[in-house]
Amino acid sequence: MAGAAGPAAGSGAAGGDGDDSLYPIAVLIDELRNEDVQLRLNSIKKLSTIALALGVERTRTELLPFLTDTIYDEDEVLLALAEQLGNFTGLVGGPDFAHCLLPPLESLATVEETVVRDKAVESLRQISQEHTPVALEAHFVPLVKRLASGDWFTSRTSACGLFSVCYPRASIAVKGEIKQYFRSLCSDDTPMVRRAAASKLGEFAKVLELDSVKSEIVPLFTNLASDEQDSVRLLAVEACVSIAQLLSQEDIEALVMPTLRQAAEDKSWRVRYMVADKFSELQKAVGPKITLNDLIPAFQNLLKDCEAEVRAAAAHKVKELCENLPIEGRETIIMNQILPYIKELVSDTNQHVKSALASVIMGLATILGKENTIEHLLPLFLAQLKDECPEVRLNIISNLDCVNEVIGIRQLSQSLLPAIVELAEDAKWRVRLAIIEYMPLLAGQLGVEFFDEKLNSLCMAWLVDHVYAIREAATSNLMKLVQKFGTEWAQNTIVPKVLVMANDPNYLHRMTTLFCINALSEACGQEITTKQMLPIVLKMAGDQVANVRFNVAKSLQKIGPILDTDALQVEVKPVLQKLGQDEDMDVKYFAQEAISVLALA
Amino acid sequence: MLLSLPALHLQTSEHHPLFQLPHGRLGPWCSPTGSPAPLSCETGCGEGTWILVCRLLVPTQVSLLSMEEDIDTRKINNSFLRDHSYATEADIISTVEFNHTGELLATGDKGGRVVIFQREQESKNQVHRRGEYNVYSTFQSHEPEFDYLKSLEIEEKINKIRWLPQQNAAYFLLSTNDKTVKLWKVSERDKRPEGYNLKDEEGRLRDPATITTLRVPVLRPMDLMVEATPRRVFANAHTYHINSISVNSDYETYMSADDLRINLWNFEITNQSFNIVDIKPANMEELTEVITAAEFHPHHCNTFVYSSSKGTIRLCDMRASALCDRHTKFFEEPEDPSNRSFFSEIISSISDVKFSHSGRYIMTRDYLTVKVWDLNMENRPIETYQVHDYLRSKLCSLYENDCIFDKFECVWNGSDSVIMTGSYNNFFRMFDRNTKRDVTLEASRENSKPRAILKPRKVCVGGKRRKDEISVDSLDFSKKILHTAWHPSENIIAVAATNNLYIFQDKVN
């Protein structure tokens, strides 16, 4: 037993080399079985190195049989193995021997972990291309059949993904068999397998002859689309897209549309949701004519569906649907057939629906043009800006740029301001955080005057928010504003206000001054930094709170490179040296760090 | 929205659909007279009698196993040291479940352990041994935990076990305690790799200079080893105690129900679940009922039921909407005013709900009865069976010793023609739905030797006690049979009595 694994098949590529070159490989091989998952994983990832050292023959006769039985391992190891084997053809002796890789991948294709199985199937698909047509029928097709008729459903689900790669290169007789196997998987007892088959139906249809698609795939599709399990039916919607792409308009109308209409009115909301979710793809696949006759009415129904999830999914697709309509007549269709339903959604009872709509509705402005936007869309925007749900308002505000291009922001600004102010003062800090992040965008759209007048005070108020995340976001917001409006603006409006906070009785606010200086110094440049900011920072070195003092050290380190050497030597150095002798450990540490970074020692 | 239910091939009289039973399947306890009185075995209908196949004392089995398989569990080692006739709290079996083929039987206990038994393979020369179950695997599923945020202890007790449909050579099961559901994989290994490059067979390191060739490990057969590995942990989704888990017939989702909410999970996803039912009132003072059990329909992936402490059952259709707060059907029996008492509400609370294998019926267990409901009739059950009506006069003392809150479970046999549920004094009851006959049997060490025929028991209520009868007053309420299981296709049952698991078999088999 001991020697059995030895050099029996010895003529490996590394056979003649010295011990030195073998040692690392020996370590790798031993670590394939190490108790530490990470080491096993490392070894598997270097499997090609091992195989190269063993040579093609020993790889085939020893390494692969070992790997075939290694399916007990952790998922991540198996996943890595499945991936490696997909690129192993060269290492087992080229395409002639590609079939040697099938056994380990076959056993990986039956494990319970979906990601591993999917990866094994992916690798099998890759390897199938390296088989000669003869080898394909001799080795690969039997593998597919074995998987397809396996006892357990994991193997049958894996088989579903392999039909489309072997069909095009198989002989007529084998093609018939392949189709037969696929058919039986489509009516498998377990829903898992039917789902796998349904999800691969479109892909398989693409490699079939058009006649077969019509005579064989369509009936399968129709069956799956009326499966008793809605989890299967909903996958047929996706297949709908791929099948429709292959057929002519008449055939789509006759073979696909009855099923699609049925799906759009399915009893199960999950199926209708799927139709809504795939709407743009469906629209493209069936073409403009059927879209107008069938899909638009279906879409209207989805927009007023009784299930909020469905309405939200449909609302998400409003813009894409409108964009994809043929330009000719588009405006009329939208105005007459879509807009009335959108108007109702604006006052929907469910906030997810409203917020889904708010995230896309602004995009309609560019499609409908200035007049329609002002007349029809603007009231909707305004209503949504006053919505009780902050997410809806945020979504409108975040897409302001679309409208700005079409009608200019002035139309909105009257309503915009109260909405922004309200969000800025929302009790939930995440809402406040979200609106801060849109500030630079708003500032850009609204212009400096409007900003100074209305929004500047908000930006300063955030600096003293009681939530740190808000104060932090507010400082980086200031930096972005300075980048937009320039240093002069900064010097006049921002910097004085920031510096006043250095005398605040609350040490957290004093620290905010330092954080602002960190953020602003670079944008403001040397002059402002040296003349206005530095004195304040230096003064704060005498603060009684240690946190402030070590942040002074950190700030000095940050703004040091912007200052000239004179200021550094004369003003910064003595202060840092003094902080370096501080009684507080942290202050000392950061002061010394600053000294060494700024090379002031 | 109305549900369309499958047309079943049933001979239905008006409200009492009857299954056509295959011959010989009938429960053997039925007396030919048709009276509900249990029969003695001599007067049996001759087709077979329930016999004890084996009694599995869980800790004993575990400790034996722990010597062989080196399972590192503190508790198991402890159990080896203790006297096996003495059961500690941790050894009390808290759930029993056959897998879909009946080849495996899983039990969970209060100590958080899961023990899986495997049916003895059929062998020609030992026909009588067929049906015995031996320990296959045992593992610690849950450990006691402490929730520091809420200052709550989380018990390790296994509340429920559910097997998944078999998907490859390994077996999968879900086990849950009050808060966390875990998915376990139980798999066999019979080979192990041998041969290292850098060390020899004894594990001594080799001198790297002596390595002249590379060795690839080879797999050698070894003794069969069964390992249980945790595959998924579904945590942090339940504020209240989980009372049920149920695997959906779509094979990709399952639900977990606690006192106030039901969540839907995908087996692949542990970091999110969907809340499908939430009965928590905005103000907890308005709370009037809790969810006591929930189960998916065996074939319709969109349908599930849940029972409540008020004795009602709601059936929900997940197709209708994403949130199933509104039920599709509501099963409730109007209260009989003559039976109204202080305890009415407590004893009407449903402790278990089970769909029949056919999916047509629902069975519910409350404190004194088992009821069978037809999915198509919401206003009353089609069958009601008295489990231990003689306790009606003792409710007061049962309330005082808390027994009135015991949660008895109930099970169907493979063909839905017989139902079984537990009682006190180690008694369990079976009801034949066709003949309306019933029997009381006892699972206890004192009264049953292996292969012995079980004698039906009778409890007498009046003053005059006949031979073989037991007086209500002498019933032992500490010996309760809460958990039972029925083999999916054969007449084999598993009955958990504190720390003992009894396997009984219909002798005809």
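Nothing here was measured: the structure is a model prediction, and the numbers come from that model.
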Does the pair [X]/[Y] count as a salt bridge with the N-to-O cut at 4.0 Å?
X	Y	value
A:Asp30	B:Lys199	no
A:Glu76	A:Arg40	no
A:Glu31	A:Lys46	no
A:Glu307	A:Arg272	no
B:Asp317	B:Arg319	yes

**OP:** Verify the ring-centre separation between B:Tyr254 and B:Phe234: is it less than 6.0 angstrom?
**Re:** yes
For [X], is it the side chain, the backbone, both or neither that has a heavy atom under 4.5 Å from a heavy atom of chain B?
X	result
A:Arg195	side chain
A:Val27	both
A:Thr154	both
A:Glu309	side chain

Subject >> Max heavy-atom pair count under 4.5 Å with chain A, selected residue of B:Gln167, B:Glu268, B:Gln166 >> reply: B:Gln167
Subject >> Greatest number of heavy atom pairs closer than 4.5 Å to chain A - which of B:Leu219, B:Asp250, B:Thr229 >> reply: B:Asp250
Please flag which part of [X] lies under 4.5 Å from any non-hydrogen atom of chain A: side chain, backbone, both or neither.
X	answer
B:Phe172	side chain
B:Thr253	neither
B:Arg232	side chain

Original post:
Which of the residues A:Tyr273, A:Trp152, A:Phe153 is involved in the greatest number of heavy-atom pairs with chain B at under 4.5 angstrom?
Top reply: A:Trp152
Original post:
With distance as the sole criterion, is a donor-acceptor pair present between the side chains of B:Glu252 and A:Ser231 under 3.5 Å?
Top reply: no
